[in-house]
2 protein chains.
Amino acid sequence: MTAMDDGLADPTGAGAAAPTLHDVAREAGVSVATASRALNGSSRNVRAENVTRVREAAARLGYQPHLSAQAIAKGSTRTVALVVRDVADPYFSSIAAGVTQAAEAAGLIVTMAVAGDSPERELQIVRTLRGRRPRVIIVTGSRIDGAGTREALIDELREYRTAGGRVVLISQRDLPFGTVTIDDHGGSAALARALLGAGYRRFAVFHAPPALRTSRDRHEGFLSGLAGADVPEPLAVETGFTRTGGYEAARRLVERGFEDVEAVFAVNDVMAIGAMTAFRDAGVIPGRDIGVAGFDDIASTRDVVPALTTVAVPLHEAGLSAMRLALSDGEPLPTALPATVVLRASTPPRPHHDLKVMRGVTAMGHDHLPWTSRH
Amino acid sequence: MTAMDDGLADPTGAGAAAPTLHDVAREAGVSVATASRALNGSSRNVRAENVTRVREAAARLGYQPHLSAQAIAKGSTRTVALVVRDVADPYFSSIAAGVTQAAEAAGLIVTMAVAGDSPERELQIVRTLRGRRPRVIIVTGSRIDGAGTREALIDELREYRTAGGRVVLISQRDLPFGTVTIDDHGGSAALARALLGAGYRRFAVFHAPPALRTSRDRHEGFLSGLAGADVPEPLAVETGFTRTGGYEAARRLVERGFEDVEAVFAVNDVMAIGAMTAFRDAGVIPGRDIGVAGFDDIASTRDVVPALTTVAVPLHEAGLSAMRLALSDGEPLPTALPATVVLRASTPPRPHHDLKVMRGVTAMGHDHLPWTSRH
DNA sequence: TTGTAGGCGTTATCAG
DNA sequence: CTGATAACGCCTACAA
């Protein structure tokens with residue numbers, strides 16, 4: 001018999017097993033049932049002395065209830081599963097913060113999964129998540145048309161719901177589930193009108209591939225806001241949905257020559273901010289030589305120079321609404337969040353144009369002019 | 001007998017229960033054991049015909065294995081639990097992205113929990129997390145001295161580790177666990193030397209309450225980098241660890257008068273960026289009227305004007321390292337990540353001073369000068 | 001108030 | 001290769 005066999009060494013390397021309720025019960029000198037009741041159940045019907053005895057035993061052993069076992073025994077969990085495309089993107093992290101806050105208030109724990117750009121991975125993640133039997137699954141991020149996973153995703157979520165789960169989608173309309181949408185179309189249209197009102201006439205739009213629903217909605221919304229005004233067709237520049245995408249698009253625009261463009265609308269703020277930096281790098285001063293506007297109103301819009309004109313969407317609120325929707329009884333009605341135009345210094349007024357649209361365009365460069373989008 | 005009783009209606013509102021392995025087995029006409037093997041076990045030893053039969057049955061029923069049940073039966077999970085203070089902070093979301101990437105490569109799923117500013121909540125979260133029996137727990141964020149939860153947290157993590165779990169901390173030294181640290185002290189010292197080299201002599205430091213370890217380390221590091229140089233004691237301004245904190249500190253500094261300050265070191269980038277905006281709002285131009293430097297090198301540093309001088313820390317890499325540490329066998333050695341000074345336009349050289357320190361300070365305003373911190 | 005026993009969905013062991 | 005059956009850790013009637 002060697003030293004390895006005497007029980008002191010731990011050949012498996014796994015360490016001592018975590019103490020179970022049985023251990024606690026034995027340590028406290030009561031039955032498992034009593035221990036269970038004392039720790040997690042309605043401790044009404046257990047003698048006070050035993051309660052403390054059990055609590056002390058649990059503390060002494062460092063006992064933590066095995067949540068999986070509880071989940072199995074009780075048939076339900078207290079978790080919310082959140083699927084995002086990218087944690088590092090302020091758009092998603094703001095939503096996540098809202099979801100987390102609301103979940104916490106409801107005594108639920110949020111677990112977050114990152115899908116990346118791949119719809120296949122998103123589908124796979126939803127599948128896996130389903131296995132954890134969360135109370136709620138929230139999926140955020142634009143649907144991508146033609147990815148071929150749409151039906152499969154719907155099936156997966158539908159089955160989950162049939163089994164008693166709550167599904168809420170953020171920023172994905174047209175799917176048969178509770179939905180929190182952002183008024184991409186209306187917000188962009190309102191922005192277009194506001195820019196017309198500020199004297200801009202000739203635009204470029206930096207957009208992502210139209211398969212990306214959010215990008216397309218914002219692009220189309222912008223065009224529809226221009227409709228009726230006597231302006232040339234905006235120049236459309238397709239690029240990535242990221243800061244780098246915006247940077248590249250701006251670089252290309254400068255190379256091409258931008259004499260026919262007075263202002264750029266980038267379909268999100270990180271693109272717009274990347275574009276501003278690219279313009280600056282090329283010696284083109286945003287706000288003076290060219291107007292720039294974005295969408296989302298992320299925190300950085302106030303720290304760049306000039307401050308970025310954008311469309312504010314209540315991201316944090318979207319997270320809260322999603323949880324509210326998930327927890328509400330009855331058929332969840334789609335919630336639409338308003339988008340608000342915020343004119344800042346990146347699109348100063350151009351008074352040398354005839355203003356035949358809009359009135360009251362005065363305090364440019366100030367925050368929160370009340371151009372709420374319709375709807 | 002009413003319509004409510006015929007089984008079509010669902011009085012509980014819970015919907016149909018999720019199909020179990022039993023259902024699949026029955027549907028496929030095999031035993032549960034075979035079904036289990038066909039779906040999740042080593043399917044080597046099950047007839048091909050039965051495998052397809054089971055697979056089809058599972059698909060038909062929309063079956064998803066109950067992960068909690070698997071966890072219980074197998075005695076282990078494939079998840080990594082990550083604790084952060086704030087998802088919306090780019091510092092944490094970069095780390096989270098790194099952790100997620102590495103975990104995914106190892107076939108693990110990351111669940112993220114948000115602790116907020118409260119150490120008590122952090123402790124409570126670690127407790128709850130422990131109940132889920134993850135393979136790994138990663139805790140990020142600066143320790144807060146004097147919070148009183150330190151010992152309790154250590155106990156909790158120690159017990160978790162004893163039960164076979166892996167613990168890794170990011171950015172918290174002096175705790176008896178695997179640790180990935182950022183060289184806060186050395187990076188700040190290197191920054192101080194670089195600024196001296198650029199001709200700056202009189203500084204202010206915007207820092208958070210010293211109980212916040214990260215803030216204190218960076219502050220002290222900066223002072224130690226100044227040691228030996230013939231410069232006045234930097235003005236210390238205490239404020240919040242956030243953008244707003246930086247904004248406020250700058251506002252106060254301007255109010256007080258900043259004739260005796262040539263450059264400000266804010267202990268993180270969001271503070272520095274907030275400060276730049278405050279300066280600008282007060283008519284003080286950063287980079288011209290006053291130098292500004294931060295710490296972390298978050299993405300926005302390149303988009304603000306002037307671009308922000310900072311100390312780059314490989315946040316994404318920190319996440320990767322943490323997972324590597326967690327998955328490695330044997331005693332996990334502390335990993336220290338280097339911090340690199342990056343001089344940009346927010347601290348242009350001041351050639352009118354005597355340069356008695358540093359050489360080679362040439363290409364100011366360019367990225368990635370190789371001022372790696374010692375250590 | 002307490003203990004006994006059965007069950008939750010899955011895997012693993014051990015005969016067939 | 002397959003099928004009973006005993007775990008896994010916990011909860012909860014039911015009975016004492």
Side-chain angles (χ1 to χ4, degrees), chain A residues 12 14 16-54 57-58 61-78 128 130-134 163-165, chain B residues 12 14 16-54 57-58 61-79 128 130-134 163-164:
Chain A
T12 73
T20 74
L21 195 55
H22 280 86
D23 302 326
V24 176
R26 185 171 348 106
E27 174 88 5
V30 299
S31 74
V32 262
T34 303
S36 173
R37 288 188 273 252
L39 291 176
N40 312 307
S42 46
S43 59
R44 297 285 172 220
N45 352 327
V46 42
R47 211 195 320 166
E49 183 197 325
N50 275 341
V51 172
T52 54
R53 202 203 297 282
V54 170
L61 266 40
Y63 168 78
Q64 272 304 119
H66 195 305
L67 261 34
S68 287
Q70 288 191 161
I72 266 198
K74 299 215 261 227
S76 77
T77 63
R78 299 196 63 76
T128 312
R130 204 146 84 74
R132 324 190 88 174
R133 304 291 191 273
Chain B
T12 72
T20 73
L21 197 54
H22 280 87
D23 303 324
V24 176
R26 185 171 350 103
E27 174 88 5
V30 298
S31 73
V32 259
T34 302
S36 172
R37 287 188 274 249
L39 291 176
N40 312 306
S42 45
S43 57
R44 297 283 171 222
N45 351 329
V46 43
R47 212 193 322 165
E49 184 197 325
N50 273 341
V51 172
T52 55
R53 201 203 296 285
V54 170
L61 265 41
Y63 166 79
Q64 271 307 117
H66 196 307
L67 261 35
S68 287
Q70 287 191 164
I72 262 198
K74 298 214 258 224
S76 77
T77 63
R78 299 197 61 78
T79 70
T128 312
R130 205 146 84 73
R132 319 187 118 211
R133 304 292 191 272

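Protein chains get the first letters and strands the later ones, always in sequence-line order, with residue 1 at the start of each. Computed from a predicted model, the values in this text were never measured in an experiment.
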Could you list all N or O pairs between the protein and nucleotides 4-6 of chain C that sit under 3.5 Å apart?
none

*With side chain to side chain contact (heavy atoms under 4.5 Å, CB included) as the test, would you mind laying out the steps for B:R132 and B:T79 before giving the verdict?*
CA-CA 9 Å; B:R132 319 187 118 211; B:T79 70; 5.8 Å; no
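- By the side-chain contact (heavy atoms from CB on, under 4.5 Å) test, B:T128 is found to be paired with A:L67, A:I109, B:Q124, residues two or more places apart in sequence or in another chain being considered.
- Using a 4.0 Å cutoff to heavy atoms of chain B, the contacted part of DNA chain D runs 5' to 3' from D:dC1 to D:dG9.
- Remark: A:R133 engages no residue in a salt bridge (Lys or Arg N to Asp or Glu O under 4.0 Å) (not counting sequence neighbours).
- Distance B:I72 CD1 to C:dG9 P: 12 Å, rounded to the nearest Å.
- Closest of all the heavy-atom pairs between B:P19 and B:L61 is CG-O, 3.5 Å.
- Distance B:L67 CG to C:dT10 C1': 11 Å, rounded to the nearest Å.
- Nearest heavy atom pair, residue B:V46 against residue B:A38, reads CG1-CA, 4.3 Å.
- Overall bending of the helix from C:dT1-D:dA16 to C:dG16-D:dC1, expressed as the angle between end axes built from five pairs apiece, is 40° (10° steps).
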Contacts under 3.5 angstrom, residues 20-28 of chain B side chains, donor-acceptor by atom type, not counting sequence neighbours:
{"residue": "B:T20", "atom": "OG1", "partner": "B:H22", "partner atom": "N", "Å": "3.1"}
{"residue": "B:D23", "atom": "OD1", "partner": "B:R26", "partner atom": "NH2", "Å": "3.2"}
{"residue": "B:D23", "atom": "OD2", "partner": "B:T20", "partner atom": "N", "Å": "2.8"}
{"residue": "B:E27", "atom": "OE2", "partner": "B:R60", "partner atom": "NH1", "Å": "2.4"}

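- Taking atom NZ of residue B:K74 and atom C1' of nucleotide C:dG9, one finds them 13 Å apart after rounding to whole Å.
- The distance between atom CG of B:L21 and atom P of C:dC8, rounded to the nearest whole Å, is 14 Å.
- Taking every heavy atom of both residues into account, B:P65 and B:Q70 meet most closely at CB-OE1, 3.4 Å.
- With DNA chain D read from its 5' end, the first of the two nearest nucleotides for B:A69 and B:A48 is the one closest to B:A48.
- What separates CZ of B:R133 from P of C:dT10 is a distance of 20 Å, to the nearest Å.
- Interatomic distance, CZ of A:R53 versus OG1 of A:T34, reported as 11.0 Å (0.5 Å rounding).
- Remark: P of C:dT11 and NE2 of B:H22 are 12 Å apart, rounded to the nearest angstrom.
- Here B:N40 reaches the OP1 or OP2 of C:dT11: one of its side-chain N or O atoms lies under 4.0 Å away.
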